Amino acid sequence: MTRKTTTTVAAIAAAASLSAAALPANAADTIPQDQSVRNVVLVHGAFADGSGWKGVYDNLTKRGYRVTIVQNPLTSLEDDVAATKRALERQDGPVILVGHSWGGTVITEAGVDAKVAGLVYVSALSPDAGETTAQQFSCIGIRH
């Protein structure tokens, strides 16, 4: 990962962790002209919908990012990954893909797309290769 991409990932992670009321964007927070990654795709978790990202969307768009919020159908992992891939297809350049909760599992699968410059997990599941979400939960004592 290049220094520029690492910086971008850190900036997106910090911005994504902010609540809607915290630290409103101002002119000093705009993205540098030479930054190559300007697209952010946000993926929500289970028991939620894309509206939970509104504060982050507002903050990042004020900074100059092009932000897309995926509305997962929450019918299966495959369907949620397909919805995320459709959002990635519509991007006009490299993307930072951000997931919260169940969205972490989704971005792990969808993040192999060539447009994805980095993955950001915000209080999210991050399964290893071949590991299921159910296996992750069983490791911490939650039974399905």
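Keep in mind the model is a prediction, meaning the values are calculated, not measured.
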Non-neighbouring partners of Ser101 that pass side-chain hydrogen bond (donor to acceptor under 3.5 Å, both in side chains), sequence neighbours left out | none
Do any pairs count as a side-chain hydrogen bond (donor to acceptor under 3.5 Å, both in side chains) and have a residue in residues 110-125, sequence neighbours left out, and if so which ones?
-> Thr108-Tyr121
With side chains defined as the heavy atoms from C-beta onward, is the minimum distance between Tyr57 and Lys62 less than 4.5 Å?
-> no
Which pairs with one or both residues in residues 90-109 pass salt bridge (Lys or Arg N to Asp or Glu O under 4.0 Å), sequence neighbours excluded?
-> Arg66-Asp92
Ionic contact status for Lys54 with Asp58, cut-off 4.0 Å = yes
Validation row: Val120, Ile96 side chains within 4.5 angstrom (heavy atoms) | yes
Any side-chain heavy-atom pair from Val37 and Val95 closer than 4.5 angstrom?
-> no
Taking the side chain as every heavy atom from C-beta outward, state whether Val43 and Val98 have any atom pair closer than 4.5 Å.
-> no
Is there a donor-acceptor pair under 3.5 Å between the side chain of His44 and the backbone N or O of Gly103?
-> no
Spacing of CD belonging to Gln33 relative to CZ belonging to Arg38, to within rounding of 0.5 Å | 5.5 Å
Would you say Asn39's side chain and Pro94's backbone share a donor-acceptor pair under 3.5 angstrom?
-> yes
Can you spot which of Leu97, Val41, Val106 makes a side-chain contact (heavy atoms from CB on, under 4.5 Å) with Val70?
-> Val41
Go through the structure and list residues passing side-chain hydrogen bond (donor to acceptor under 3.5 Å, both in side chains) with Ser51, not counting sequence neighbours.
-> Asp49
Between Thr84 and Ala110, the two heavy atoms sitting closest are CG2-CB, 3.7 Å
Approximate separation, where rounding is to 0.5 Å, of Ile107 CD1 and Leu125 CG = 10.5 Å
Find the distance between CH2 (Trp53) and CG (Leu60) and round it off to the nearest 0.5 Å.
-> 9.0 Å
For Asp80, what residues pass the side-chain hydrogen bond (donor to acceptor under 3.5 Å, both in side chains) criterion, not counting sequence neighbours?
-> Trp102
Kindly give the heavy-atom pair with the smallest separation between Leu119 and Gly111, and that separation in Å.
-> CD2-CA, 3.8 Å
Which residues share a salt bridge (charged side-chain N to carboxylate O under 4.0 Å, His left out) with Arg86, sequence neighbours left out = none
Should Val67 and Leu42 count as side-chain neighbours, where that means a heavy-atom distance under 4.5 Å?
-> yes
